[in-house]
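Inspection log for the structure reproduced underneath, given as structure tokens.
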Amino acid sequence: MAVKIKLKRLGKIRSPHYRIVVADSRTRRDGRAIEEIGKYHPTYNPSVMEVDAERVAYWLGVGAQPTEPVLAILKKTGDWQKYKGEPAPAPLLQAAEKAARPSFEAFGGEDEGKGEAITQKKKAEKKDEAAAESASTEA
């Protein structure tokens, strides 16, 4: 039985999430797996790659073959280099924290608050005129 380390797709139509699994090479992509050994979320910024290094080393040691996408993930996490005895890659980049936007007061803005609208409402004018006419006719 040939064993592969491959991706199992989860998630909605346009938001894929993957599990890194060990499965028989003859099973379908989202079929039954022997063991789940990691996660991969490509839509996050930066993408999340969590791999159980101990289990990956075991499965590679017993002859499991990674697929091309999984091999790329293992090279980024450094597990493939550890298995081959090569030097470790540079650490993965972490997302920089977004700086908070400066507030209105930070720019020295002052709110003078005039208290009245620039343009007057037409409905208010009509009501005032109607009230004035009714007052003049009553008197």
Side-chain angles (χ1 to χ4, degrees):
M1 174 172 86
V3 178
K4 292 258 186 194
I5 302 174
K6 57 186 181 178
L7 295 175
K8 179 179 182 179
R9 190 182 195 281
L10 304 169
K12 294 188 244 179
I13 291 175
R14 289 180 181 83
S15 63
H17 300 296
Y18 297 95
R19 298 282 166 91
I20 301 170
V21 297
V22 178
D24 183 7
S25 63
R26 296 170 288 185
T27 60
R28 60 182 188 262
R29 179 189 69 181
D30 301 334
R32 188 175 61 177
I34 298 170
E35 182 180 2
E36 291 184 1
I37 57 175
K39 297 177 185 177
Y40 174 52
H41 300 285
T43 56
Y44 294 172
N45 188 12
S47 59
V48 175
M49 292 180 236
E50 297 176 7
V51 179
D52 186 1
E54 189 175 299
R55 296 307 296 165
V56 168
Y58 168 77
W59 283 106
L60 290 173
V62 296
Q65 296 296 312
T67 59
E68 288 183 24
V70 173
L71 182 61
I73 293 170
L74 294 178
K75 285 182 179 179
K76 289 205 181 213
T77 60
D79 294 318
W80 184 253
Q81 286 85 346
K82 190 186 298 182
Y83 171 70
K84 289 292 189 179
E86 299 172 356
L92 294 175
L93 296 176
Q94 297 297 326
E97 293 294 325
K98 290 186 177 180
R101 293 178 57 177
S103 64
F104 181 69
E105 290 81 20
F107 286 116
E110 297 179 12
D111 189 16
E112 296 175 4
K114 297 179 182 177
E116 64 183 63
I118 297 171
T119 57
Q120 296 183 2
K121 296 181 180 177
K122 293 181 180 179
K123 290 181 182 178
E125 290 176 6
K126 290 180 182 178
K127 287 182 182 177
D128 292 339
E129 290 175 9
E133 287 179 16
S134 64
S136 64
T137 56
E138 289 178 7

In a table with atom names and distances, give each donor-acceptor pair under 3.5 Å that connects a side chain of residues 14-23 to protein atoms at least two apart or in another chain.
unit_1	atom_1	unit_2	atom_2	d
H17	ND1	H41	ND1	2.6
R19	NH1	E36	OE1	3.3

P66 side chain near L74 side chain, heavy-atom distance below 4.5 Å: yes
Shortest non-hydrogen contact from Y83 toward G61: CE1-N, 4.0 Å
Worked check of side chain to side chain contact (heavy atoms under 4.5 Å, CB included) between W59 and I34: CA-CA 11 Å; W59 283 106; I34 298 170; 4.0 Å; yes
Distance-minimising heavy-atom pair for K82 and A53: NZ-CB, 4.4 Å
Spatial distance of atom CD1 (I5) from atom CZ (R55) [nearest 0.5 Å]: 10.5 Å
Shared hydrophobic cluster for Y44 and M49 (ILVMFWY, side-chain gaps under 4.5 Å): no
CG on L10 to NZ on K39, rounded to 0.5 Å: 10.5 Å
OG1 on T67 to CD1 on I73, rounded to 0.5 Å: 8.0 Å
With W80 via side-chain hydrogen bond (donor to acceptor under 3.5 Å, both in side chains) - residues at least two apart: none
K6: side-chain hydrogen bond (donor to acceptor under 3.5 Å, both in side chains) partners, not counting sequence neighbours: T27
Any V56 side-chain heavy atom under 4.5 Å of D52 side chain: no
Hydrophobic cluster identity match, V3 and L71, side-chain contacts under 4.5 Å: yes
Separation between NZ of K4 and CZ of R26, rounded to the nearest 0.5 Å: 12.5 Å
Steps toward side chain to side chain contact (heavy atoms under 4.5 Å, CB included) verdict (K8, R29): CA-CA 6 Å; K8 179 179 182 179; R29 179 189 69 181; over 6 Å; no
Residue pair L7 / V70, side-chain heavy-atom distance below 4.5 Å: yes
